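None of the values given here were measured: they were computed from a predicted structure. Numbers here simply count residues along the sequence, with the first being 1.
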Amino acid sequence: MARITFIQPDGSASTVEIPNGLTVMEGAIENGITGVIAQCGGSCSCSTCHCYVAPEWMGVLPPPEEEETGLIEFAWEPREESRLTCQIRVTDALDGLVLHVPAEQL
């Protein structure tokens with residue numbers, strides 16, 4: 001299980017525990033994280049679970065695959081640290097992960 005912190009655009013933070021094996025998106029939805037919409041339900045066919053990974057965590061996550069990278073281009077204000085949370089599988093190594101929720105989802 002990993003404790004993951006979601007920081008909202010207003011600076012408020014919510015830390016939730018997500019079991020290993022789930023995606024970060026599934027954990028966000030189960031815990032009612034505002035701003036993670038996940039319109040496609042995690043099938044990597046939209047960008048409404050987009051978040052920004054805190055810089056110190058960029059090297060910890062595996063790099064995005066081509067399908068994810070293509071969808072990130074359609075996300076709200078994509079950046080180098082943009083990821084789709086449906087593509088991040090929770091492991092013990094992600095304990096303490098910090099994600100910033102964008103102001104909008106497209």
Side-chain angles (χ1 to χ4, degrees):
M1 186 163 302
R3 291 174 49 88
I4 297 177
T5 300
F6 294 87
I7 301 175
Q8 295 296 323
D10 68 2
S12 63
S14 298
T15 301
V16 297
E17 290 186 348
I18 303 175
N20 290 348
L22 291 182
T23 64
V24 172
M25 179 221 73
E26 291 169 319
I29 295 301
E30 287 180 7
N31 287 282
I33 299 297
T34 302
V36 178
I37 299 168
Q39 200 165 21
C40 74
S43 63
C44 197
S45 61
C46 73
S47 62
T48 61
C49 68
H50 168 238
C51 283
Y52 304 113
V53 177
E56 64 271 18
W57 284 93
M58 288 297 293
V60 177
L61 296 177
E65 294 191 16
E66 188 174 326
E67 182 178 21
E68 178 183 358
T69 303
L71 286 170
I72 287 172
E73 293 177 19
F74 298 102
W76 173 260
E77 298 183 350
R79 304 178 194 158
E80 184 178 327
E81 58 273 6
S82 290
R83 291 297 302 267
L84 300 182
T85 58
C86 69
Q87 298 302 296
I88 303 171
R89 185 105 10 222
V90 175
T91 66
D92 288 337
L94 297 187
D95 190 40
L97 176 64
V98 176
L99 299 169
H100 296 264
V101 179
E104 291 188 36
Q105 296 284 9
L106 299 177

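- Checking side-chain atoms of Asp92 against main-chain N and O of Met1 turns up a donor-acceptor pair under 3.5 Å.
- Residue Tyr52 is not grouped with residue Ile88 when hydrophobic side chains (ILVMFWY) are merged at heavy-atom distances under 4.5 angstrom, including chains of intermediate members.
- Looking at Val101 and Thr34, their side chains never come closer than 4.5 Å, going by heavy atoms from C-beta outward.
- Of all heavy-atom pairs between Ala13 and Ile7, the closest is CB-CG1, 4.2 Å.
- Thr23 places none of its side-chain heavy atoms less than 4.5 Å from the side chain of Thr85.
- Listed here is the closest heavy atom pair of Ala2 and Val90: CB-CG1, 3.7 Å.
- Annotation: side chain to side chain contact (heavy atoms under 4.5 Å, CB included) contacts of Thr91 (sequence neighbours excluded): Ala93, Leu94.
- Here the shortest heavy-atom pairing between Trp57 and Asp95 reads CH2-O, 3.3 Å.
- Counting heavy atoms from C-beta on, the side chains of Pro64 and Gln87 never come closer than 4.5 Å.
- Qualifying side chain to side chain contact (heavy atoms under 4.5 Å, CB included) partners for Asp10, counting only residues two or more places apart in sequence or in other chains: Gln8, Ser12.
- Partners of Glu68 by salt bridge (Lys or Arg N to Asp or Glu O under 4.0 Å), not counting sequence neighbours, listed by chain and number: Arg83.
- Atom CD of Glu80 and atom CE of Met58 lie 5.5 Å apart (nearest 0.5 Å).
- Taking CG of Leu61 as the start and CZ of Arg89 as the end, the distance is 13.5 Å to the nearest 0.5 Å.
- We find the SG-CG distance between Cys86 and Leu71 to be 8.0 Å, quoted to the nearest 0.5 Å.
- Across Cys49 and Met25, no two heavy atoms sit closer than the pair CB-CG, 3.8 Å.
- In the hydrophobic clustering of this structure, Val60 groups with Leu99; members are Ile, Leu, Val, Met, Phe, Trp, Tyr whose side-chain heavy atoms approach within less than 4.5 Å, directly or through other members.
- Looking only at side-chain heavy atoms (C-beta outward), Ile72 and Ser47 stay at 4.5 Å or farther from each other.
- By the rule that hydrophobic residues join a cluster once side-chain heavy atoms approach within less than 4.5 Å of another member, Leu84 and Ile37 end up as members of separate clusters.
- With hydrogens and angles ignored, the 3.5 Å screen pairs a side-chain donor or acceptor of Thr48 with a backbone N or O of Gln39.
- In the hydrophobic cluster analysis, where Ile, Leu, Val, Met, Phe, Trp and Tyr join through side-chain heavy atoms closer than 4.5 angstrom, Phe74 is grouped apart from Val53.
- Shortest non-hydrogen contact noted between Ile33 and Ser14 is CD1-CB, 3.9 Å.
- Residue Arg3 is tested with Ile18, Thr15, Leu97 for a side chain to side chain contact (heavy atoms under 4.5 Å, CB included); the sole match is Thr15.
- Nearest heavy atoms, His50 versus Trp76: CE1-O, 3.2 Å.
- The number of heavy atoms from other shown groups lying within 6.0 Å of CD (Glu66) does not exceed 12.
- By the 4.5 Å heavy-atom criterion applied to side chains, Val16 and Phe6 are counted as neighbours.
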